[in-house]
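Note sheet for the following structure.
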Amino acid sequence: MAKTVTRKKYDVIVKSEFCKGCHLCIEYCKSGKLVNSKKLNKMGYLYAEPAEDAKCTGCMVCTLVCPDLVIEVYDE
Amino acid sequence: MAKTVTRKKYDVIVKSEFCKGCHLCIEYCKSGKLVNSKKLNKMGYLYAEPAEDAKCTGCMVCTLVCPDLVIEVYDE
Amino acid sequence: MNLKNKWPKYYKKDVVTHYCPGCGHGIAHRIVAEVLEELDVGDRAICVNPAGCAVLAYRYFDIDMLESAHGRGTAMATGIKRARPDLFVFSYQGDGDLSAIGTAETIHSANRGEHISVIFINNAVYGMTGGQMAPTTLVGQKTTTSPSGRNPDYEGYPLHITDVVASFPGVVYAERVAVDTPAGIRKTKKAVTNAFRCQIDGIGYSIVEILSPCPTNWKMNTIESYKWVTEEMTKEFPLGVLTDKREKKK
Amino acid sequence: MNLKNKWPKYYKKDVVTHYCPGCGHGIAHRIVAEVLEELDVGDRAICVNPAGCAVLAYRYFDIDMLESAHGRGTAMATGIKRARPDLFVFSYQGDGDLSAIGTAETIHSANRGEHISVIFINNAVYGMTGGQMAPTTLVGQKTTTSPSGRNPDYEGYPLHITDVVASFPGVVYAERVAVDTPAGIRKTKKAVTNAFRCQIDGIGYSIVEILSPCPTNWKMNTIESYKWVTEEMTKEFPLGVLTDKREKKK
Amino acid sequence: MNKIFISGNHTFGEAAIRAGCKCYFGYPITPQNELGEYMADRLRKSGGIFVQSESETAAINMVVGASAAGARVMTSSSSPGISLKQEGISFLAGFELPAVIINVMRGGPGLGNIAPAQGDYFQATRGGGHGDYRTPVLAPASVQEIADLTIVAFEIADKYRTPVMLISDGMMGQMKEPVIFPEHVKDLPQKEWALSGRGKGKSRYLASLILDPLEMERHNWKLVRKYKEIEKNEVRHEEYMMEDAEIAVIAYGTTARIAKGAIKRVRSEGIKAGLIRPITLWPFPSRALKDISERIKKFIVFEMSTGQMLEDVQLALAGKASVSFHGRPGGVIPTPAEFARYIYRENQKENKCL
Amino acid sequence: MNKIFISGNHTFGEAAIRAGCKCYFGYPITPQNELGEYMADRLRKSGGIFVQSESETAAINMVVGASAAGARVMTSSSSPGISLKQEGISFLAGFELPAVIINVMRGGPGLGNIAPAQGDYFQATRGGGHGDYRTPVLAPASVQEIADLTIVAFEIADKYRTPVMLISDGMMGQMKEPVIFPEHVKDLPQKEWALSGRGKGKSRYLASLILDPLEMERHNWKLVRKYKEIEKNEVRHEEYMMEDAEIAVIAYGTTARIAKGAIKRVRSEGIKAGLIRPITLWPFPSRALKDISERIKKFIVFEMSTGQMLEDVQLALAGKASVSFHGRPGGVIPTPAEFARYIYRENQKENKCL
Amino acid sequence: MINKILCAGSGGQGVLTLGNILGNAAMMEDYCVTFLPSYGAAMRGGTANCTVCISNNEIASPVASAPDILIAMNQPSVSAFINRLEPGAQLIYNSSIADNLPIRGDIEFHPVPANDLAIELGNERSMNMIILGSFIKLTNIIRVDNIHKSIEMLMGAKPKLAKKSKEIFNAGYERFPFISE
Amino acid sequence: MINKILCAGSGGQGVLTLGNILGNAAMMEDYCVTFLPSYGAAMRGGTANCTVCISNNEIASPVASAPDILIAMNQPSVSAFINRLEPGAQLIYNSSIADNLPIRGDIEFHPVPANDLAIELGNERSMNMIILGSFIKLTNIIRVDNIHKSIEMLMGAKPKLAKKSKEIFNAGYERFPFISE
Ligand SMILES: Cc1ncc(C[n+]2csc(CCOP(=O)(O)OP(=O)(O)O)c2C)c(N)n1
Ligand SMILES: Cc1ncc(C[n+]2csc(CCOP(=O)(O)OP(=O)(O)O)c2C)c(N)n1
Ligand code: SF4
Ligand code: SF4
Ligand code: SF4
Ligand code: SF4
Ligand code: SF4
Ligand code: SF4
Ligand SMILES: [Mg+2]
Ligand SMILES: [Mg+2]
């Protein structure tokens, strides 16, 4: 497509077993990349997970707000 | 004398046995009515005493400053 | 002949105080006793006396008195006043008592806005225990525990605790005065009157900081020590009303 | 693919904290760990942790740690720093710890201008013990010991202790921040950096007050609690630098 | 039915209110937070005063103030907080002021933990504060007894003008049991000595400073005489299955409950054990122990500590019987089965010796 | 001649400096002000740290900090101030941190007075703080011994990682006697455990919080084992004219001196009295007393209190000998003549009984 | 007779409420009864448990080192406490969310699909009442009317909730036993 | 031999200095010696006293309930302490300012016009040295050169004062005894 610009690609991983389901990352991710998994982890929390259908901009806000250092953001 | 005006007369008593000889009253009496007696009282202090040759104006400063409530000022 | 200066009703007669010659505590005591009488609250007053040179204040004040553990005067006063709001409750404390060991009690009783009054004798030194450094000791001032003079790099600067509590909404009246001169003594009496009235009017906490000489531990004669209050102490601790919220609270 | 957010060197890996979901302590911890690394002082740092929800902070910080008796963090920090001025010493304390039981230690360590840094987590409540009123509890806020809401006539107004210590000459840097939003978190990190630098530069005492949510005891969900910091707490506790004497002291 | 299902912590509060306690001053600490919280709600609603103080130190001094003003007054805390009150308790003793102090003990020393323990026995019974004084110490072993003894504590405090301690532990504080509360106390004792303003009369003061050593000594001996009175009148203990016992277990509070369970078990195996449960830890039921030692030669002391009441037992027995000790400090709650095994082993040893 | 004429309070300070004490934190209180004042001058001049803290509570916590950082550190106070340190002392015990705490006792309870007394024996030996712990307690009876035992106190503290108390009284603190000080200690023990920043190694922490009761219990029993070691190695006492004694006086510190005077007097009248002077109050020289009770049946305990060490004597003797008590609490300093009369009377009673 | 019941689950599941209702009802039947909650730091991290002991005689220890019955409201509670059960003990577990059961032939397993049933009845938060109903049906230890009264006493301030709770309790009571999946 | 000396006066009179010099000198002669000052509140109100005990043997109590010698530097000290003296004891008093002496035939009185003599020698503040000189002459308990050394040690920082003090001490020593007025 004509509009395409070369942009970095980012990947987000939520280490779900460490997530306490506070959902701060979901609240603050402007790209909607993080969503409620609706699944309980071993600790019994509804952990967050990356959405399939959204793109991460690498803004790092999720890692900034996560109180439990759960999220990893990767670039190429 | 022509200059004489009717003025109250005041009398000062230093209850010397209670005086600690701090000499604040002497310092602050503007009339010089209070002086160092140069005598020790029973507690061993050089107490203050009214001077014979000065006049008390009844200003009450001595009673104001005396930390030990030693001084009595009388008027007619 | 009539006696012009009558003996304060709430001050015991013919007792020789244990205070050193010229000690400011004596003047402060008399002022408090006079104000209690003038405001007619001595009959229902309880004074909490400190550990400090004024520990024996009950020998002089002719009102009900409770001795406090060092620094805990305002906590005890809180207990009395909460249990008996009808009583007039004030504490009388030194600078070590109120602004060192009693810091937390001072701050929190003031911050709660307890309906008590505080008479705070600041003589820049621990009088009773023989002249150690107090939180209010001036920079450079020599004491037995700051033998080369208070060094702000090591011991910090003098603590202005009355300014601190004056900033609290619950503190209705705070003033710093000095019993250094006849004028100062008169002002002190006015300040104590204002402070006590706050409690009588039920509007909150009040405190009067009184700069007061300790000739003994300053190692000065009386007259020098009074001058030192005027000339040195008031430089560090400027006199004046630190807060006055009486209008707002009434 | 490269990991963009690397794990802070001074934060233990793969430990699940005991903090409740969304608790501000977690964010504050990470910030402190990051700053220790960026300023390269973690190797010679000692953190004094409080009695409070952060009592277990030693499970997370990968630096030398000393637990304190409730409220005595700055006294202990004073002891360490005086004994070992070469170490980097900071305390991490809650509002109950620092501004209730520890009031005197807070005030006097600050007034002495101890060369320590203080991280002060203000969550307007006693977290650890289950949500009792703190000196910083807002007016009207319901807690287990102010069940009908804090009533200033009975319990006084919220205590602004950081403002108090900011007024002391020995306090070089004091700032109030909040971990309520991404921007707030970034500012918090800057404030902690500024504060820690004061100690590294040997110029005196510094304190950062961090407004921090306690969703559990506020009985809110996480998102509500963060909003409550922004909307309610900052009204009572306005953010900003409360004192900055760094230029003067250098 | 006026029985209610209530926790130990709440019961301390409710019983105090019914005993006419007008003021409570305290600072939160686990495992007794519910007590302060109860007072924040109920005491204030019933017209009393609840102040959450800035510290335990402030709390005990507020207690001094309210007590001096004549109010029935209480404070509570747990181990570290009780340590901070020691100066104040010594002052209360010196002033001869009544007050009730509750210690819901936890594991120690230091911050320790918040599990139930009995490691503050020495502090409570020997006076952790300075100077020559004693504090009556009551140790309830059920929530019902918490209710009953809280009221007794206020009575003893007023009667002898002394601080009184109630000691308990995290388990007793948190546990709920059925409780029947007595009615509100109606007539509180008059306190002539309380400060209330001199009025038209003579001014009074309360001071613990007595500069003249001879006068201070007189005061000390006066206190001793009072303590002797308390020792004469206020010793309380319970005996359980002691009639035919050959082994006497000594335990208080939580461990006494557990000991009862253990005794039932060993009895079923034919071991004749019984329990002497001190209800007052000071004054200690020394006489009862001594009397029994005429008959029983084997005593077992059982505490959730490394051995503190043990000394009082040894003092009471003065070598007249053998004493062994089973302790579980640090917040461990021993089980009846475990302690039954201990009794069993001790019994075997005994028999071997014969 | 390296003897100097110096007061007890100054001696505590000078000896501490020679023992390598690097930090002193304290708050003024009579009768030990001269100690802090000495440190303010001499310790600072010798390169150490003197901080006058805002309170005794702050002081003991500064001590914790400095000790955790590896320094030899000391604090001092008198009775009410020591009460305020109880929480901190319990923490030191829990942390297993060495420190030296000096109590120059005065009359109590409460504000009491500033005259010499021995009313804080229970507090010192039983742990006035919360939880299961013990504190070694040394009780010098001369200014020379103040010098010697202060150094011993630092050694015990470091060797066992424990707070150590030195207890004394207003008289001992104020009195001057000739003292020969030892040289400065050269080699201070290495403290591997001290916090000094993790450096390139593993991070460490010092905590007294042990949430798991079983772990806390292990810690408690570990402390008990340490205390047993101390009981084995560190008991100290002096025997005076005990070889042929028929009456044993037990007294420590000031009263021990006075007892010696009294014993000389009664000996001149043919009464064979001797003195056992505990130098460590905890661990108490129980074994020595017990051994002697094989031979001597009459013990007299002599304290400037209403009877505290008395309990330790009774515990040690376990009924094996009769114990009587002479006490002068509240700041009264008994005279040798007075105590001699007491011994005389007790001796007569004894003889009548025969 | 002494029954030691350990009831465990996560914070919001109403573990303590269940224990309280049971204990209070036992009191109404003049049993000796103790209720001991976990507290303090043990509660952070989202777990909660309590022990209820019901007996005809004085209760020595309110602690259950070997409970007669374990009520496990979630998977972690099963895992944490099942080993405390001695042979002959019974396990009531929330089979809606706990499905990983260790194999033990010496205890009785009673699955209760509490969440599912509660959702079915329109109030998932009252799943604890399903469990309580099942527990009473199983043990028969307390009369149903006393449980009802106890619910009313403890939820007195919220009569609607009390009513709903009783209904859900009844459902749990009636439907028990559930067939093991 | 044990000598208990009680030395009393008012704050500025050098009571403690006297006691210290004496005690220190006794130490130099290898005596057992104690020095016990009054302290604290006892010192407020302007009085001061100290007790020096000098003995060949260990000293039991540093307190003198019945001193062998009372040194009274002013009138209040005479009044306060004379009754503590037992028959045979000695009283050295500052006859310059203490003149109201109770009549007792069982003790020895030694007047020393200390202020007068000190003024005569040009240093009234050193009147305590006159007394010390007289005391040494009377008792002979310590050698003069050791008192001199002791003065030097304690006043080491002020050599002029030390010199003057020794002179005045010598005067007291030489002129003693003074005729009773
Ligand atoms: C807990 C405790 N610590 C210390 C003391 C000793 N002490 C008594 S008064 C005092 C300080 C007195 O100073 P200040 O409060 O300024 O009163 P001032 O004598 O100067 O009027 C001290 C440290 C004490 N009595 N109690
Ligand atoms: C002497 C003492 N008193 C009370 C406690 C109980 N206690 C532990 S933490 C705490 C308050 C916690 O509140 P805060 O300091 O605000 O920290 P937060 O948990 O909110 O982070 C209290 C009262 C204690 N451990 N020690
Ligand atoms: S890095 Fe930014 S865009 Fe990507 S998931 Fe995190 S918050 Fe969302
Ligand atoms: S912010 Fe962290 S803990 Fe919270 S939901 Fe997101 S990943 Fe989980
Ligand atoms: S009243 Fe005034 S003039 Fe008279 S003596 Fe006093 S100060 Fe002097
Ligand atoms: S002010 Fe009073 S005490 Fe001082 S000298 Fe005058 S009369 Fe005496
Ligand atoms: S020491 Fe100071 S404050 Fe105390 S009485 Fe003497 S002059 Fe007054
Ligand atoms: S109680 Fe509050 S402060 Fe404590 S961990 Fe939970 S959310 Fe955080
Ligand atoms: Mg002062
Ligand atoms: Mg908090």
Side-chain angles (χ1 to χ4, degrees), chain D residues 18 48-58 65-73 75-76 94-107 125-137 141-151 153-156 158-159 161 164 217, chain E residues 7 9-10 13 23-62 75-87 104 106-114 170 173-174:
Chain D
H18 71 293
V48 179
N49 65 284
C53 280
V55 68
L56 294 173
Y58 56 79
M65 307 269 302
L66 174 62
E67 167 196 293
S68 68
H70 189 35
R72 318 304 174 190
M76 291 193 180
D95 42 6
D97 194 82
L98 181 142
S99 74
I101 192 169
T103 305
E105 287 76 8
T106 303
I107 298 269
V125 90
Y126 287 30
M128 162 117 292
T129 43
Q132 294 81 9
M133 196 187 78
T136 53
T137 293
Q141 188 183 337
K142 285 185 184 166
T143 70
T144 58
T145 51
S146 58
S148 17
R150 181 180 190 150
N151 171 0
D153 287 341
Y154 199 91
E155 286 122 351
L159 181 66
I161 192 139
V164 168
N217 286 304
Chain E
S7 74
N9 282 335
H10 285 178
C23 301
Y24 173 95
F25 305 102
Y27 188 81
I29 184 167
T30 310
Q32 61 81 60
N33 293 311
E34 301 76 13
L35 169 44
E37 289 164 5
Y38 192 88
M39 296 310 238
D41 187 20
R42 302 301 176 92
L43 180 57
R44 277 182 68 172
K45 280 190 183 141
S46 77
I49 293 293
F50 165 86
V51 175
Q52 182 175 307
S53 55
E54 58 272 29
S55 69
E56 291 86 353
T57 313
I60 192 73
N61 285 288
M62 291 176 186
T75 184
S76 67
S77 188
S78 177
S79 310
I82 297 290
S83 290
L84 291 171
K85 293 185 200 283
Q86 292 305 323
E87 189 204 23
V104 181
R106 53 191 248 179
L111 217 43
N113 59 29
I114 55 178
Q174 298 290 328

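We name chains A, B, ... by the order of the sequence lines, and we start the count at 1 in each one.
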Heavy-atom pair of closest approach, residues E:Y27 and D:A100: OH-CB, 3.9 Å
CD1-OH distance between E:I29 and D:Y126, expressed to the nearest 0.5 angstrom: 11.5 Å
Euclidean distance, E:L84 CG relative to D:H70 NE2, rounded to 0.5 Å: 9.5 Å
Between CD on residue E:E54 and CG on residue D:L159, distance to nearest 0.5 Å: 10.5 Å
Heavy-atom pair of closest approach, residues E:E37 and D:G130: OE2-O, 4.3 Å
Inter-residue atom distance D:T143.OG1 - E:Q52.CD, 0.5 Å rounding: 7.0 Å
Which atoms of D:P135 approach chain E - backbone, side chain, both or neither, heavy atom under 4.5 Å: neither
Chain E contact via D:T103 - which portion, at a heavy-atom distance below 4.5 Å: neither
Under 4.5 Å from a heavy atom of chain D, the part of E:Y38 involved: neither
Separation between CD1 of D:I101 and OG1 of E:T57, rounded to the nearest 0.5 Å: 6.5 Å
Rounded distance [0.5 Å steps], CG in E:L111 versus OG in D:S68: 8.0 Å
